[in-house]
A.B. asks: 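Here it is, the structure in full.
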Amino acid sequence: MTNELFSRLTDAQPRPLTPLAGVGRYTYTPRKALRRVLDHALDHLNQIDQWLVWQRDGVVPTPTDGWVGSSVTLPGDLLPLSSSDLDAWLWRVDQAVRLVQQRAHELTEAELDWQPPDGGWPLRRVLHHLARSERLYAASIDEALPGDDPTDRYEEACRRLDETLRTAVAAGEDASIVYAGLYGALQSREEVVDLMLAIESELLGPRDCDQTGFKP
């Protein structure tokens, strides 16, 4: 699945995205997407081991060094991505994901659902988040909004949301369809839409919105 999702990354050019007014500049590139997926897999692979020791021996986990947040763009993220580069990245990503799968397969139901004393995520939710993050990073490049004009990109995003929501409503109540928030928590369809609209309202800012809180 990883190879399929990232197969067209060499077509994407590394360039900064033009932000809406009031929103910080955020650079997203093919190499950054790949790095983030690999970092996620390695970080959560380490987390599985630390959570098991925490559960068994009461040893509180220690955050690993080297983690770089999604808002940080490294110099190497801006380099072009050739086909051979992509093959090398995908090999590393696939190996890391395979190790996570093997490690997760060994976990018992009790280990998957053990609730950390600090109220953090059980490993089952961590693994769900990891799987969903891979698809989100790939889709952000493979299904990127077209063009350079912020208004055009915003209108296209609205169109896609409207189309997706209409399809979801037309499907009716279907137990096989689930709706997950930004961090993997299952929510209702209405809750997910409300969250997206709230984020939109914050990004646009009061000067760009009417009295209802949303852009006309």
A.B. asks: Do Trp121 and Pro116 come within less than 4.5 Å of each other through their side chains, counting heavy atoms only?
C.D. replies: no
A.B. asks: Do Pro61 and Trp54 have side-chain heavy atoms sitting under 4.5 Å apart?
C.D. replies: yes
A.B. asks: Report the distance from atom CG of Leu112 to atom CG of Leu107, rounding to the nearest 0.5 Å.
C.D. replies: 5.0 Å
A.B. asks: Out of Leu52, Asn46, Val53, which residue meets the side-chain contact (heavy atoms from CB on, under 4.5 Å) rule with Gln50?
C.D. replies: Asn46
A.B. asks: Any side-chain heavy atom of Asp152 within less than 4.5 Å of one from Glu155?
C.D. replies: yes
A.B. asks: Hey, what do you get for CG (Leu123) to NE2 (His129), rounding to the nearest 0.5 Å?
C.D. replies: 13.0 Å
A.B. asks: May I ask you to test the Trp89-Arg31 pair for a side-chain heavy-atom distance under 4.5 Å?
C.D. replies: yes
A.B. asks: State the NE2-CG distance between His40 and Leu45, to the nearest 0.5 angstrom.
C.D. replies: 13.5 Å
A.B. asks: Please answer whether the main-chain N or O of Leu78 pairs with a side-chain N or O of Lys32 as donor and acceptor at a distance below 3.5 Å.
C.D. replies: no
A.B. asks: Determine whether Leu81 and Leu34 make a side-chain contact, defined as any pair of heavy atoms from C-beta on separated by less than 4.5 Å.
C.D. replies: yes
A.B. asks: Regarding His44 and Gln47, do their side chains bring together a donor and an acceptor under 3.5 Å, going by distance alone?
C.D. replies: yes
A.B. asks: Can a donor-acceptor pair be found between the side chains of Ser84 and Asp87 at a distance below 3.5 Å?
C.D. replies: no
A.B. asks: More than 12 heavy atoms of other residues, nucleotides or ligands under 6.0 Å from CZ of Arg159: yes or no?
C.D. replies: yes
A.B. asks: Taking the side chain as every heavy atom from C-beta outward, state whether Leu165 and Thr167 have any atom pair closer than 4.5 Å.
C.D. replies: no
A.B. asks: Are Leu86 and Trp91 packed together at the side-chain level, in the sense that at least one heavy-atom pair is separated by less than 4.5 angstrom?
C.D. replies: no
A.B. asks: Would you say the side-chain atoms of Arg36 pair up with the backbone N or O of Val68, donor to acceptor, closer than 3.5 Å?
C.D. replies: yes
A.B. asks: Sub-3.5 Å donor-acceptor pair from the side chain of Gln115 to the main-chain atoms of Gly120, do we have one?
C.D. replies: yes
A.B. asks: Transitively linked via ILVMFWY side-chain contacts under 4.5 Å: Val126 with Val59?
C.D. replies: no
A.B. asks: Is there a side-chain contact between Arg189 and Val169 in this structure, where contact means two heavy atoms from C-beta onward sitting under 4.5 Å apart?
C.D. replies: yes
A.B. asks: For Leu127 and Ile48, what are the C-alpha separation, side-chain angles and deciding distance, and is it a side-chain contact (heavy atoms from CB on, under 4.5 Å)?
C.D. replies: CA-CA 9 Å; Leu127 293 169; Ile48 290 174; 4.1 Å; yes
A.B. asks: Can you tell me how far NE2 of His128 sits from CZ of Arg125, rounded to the nearest 0.5 angstrom?
C.D. replies: 8.5 Å
A.B. asks: How long is the gap from CG on Leu38 to CD on Gln95, to the nearest 0.5 Å?
C.D. replies: 11.0 Å
A.B. asks: Salt bridge check: are Asp113 and Arg124 linked by an N-O gap of less than 4.0 Å?
C.D. replies: yes
A.B. asks: Apply salt bridge (Lys or Arg N to Asp or Glu O under 4.0 Å) to Asp39 and Arg35, showing your working.
C.D. replies: CA-CA 6 Å; Asp39 285 352; Arg35 176 177 61 78; 3.5 Å; yes
A.B. asks: Considering all heavy atoms of both residues, which atom of Val72 and which atom of Asp77 are nearest to each other, and what is their separation?
C.D. replies: O-OD2, 4.3 Å
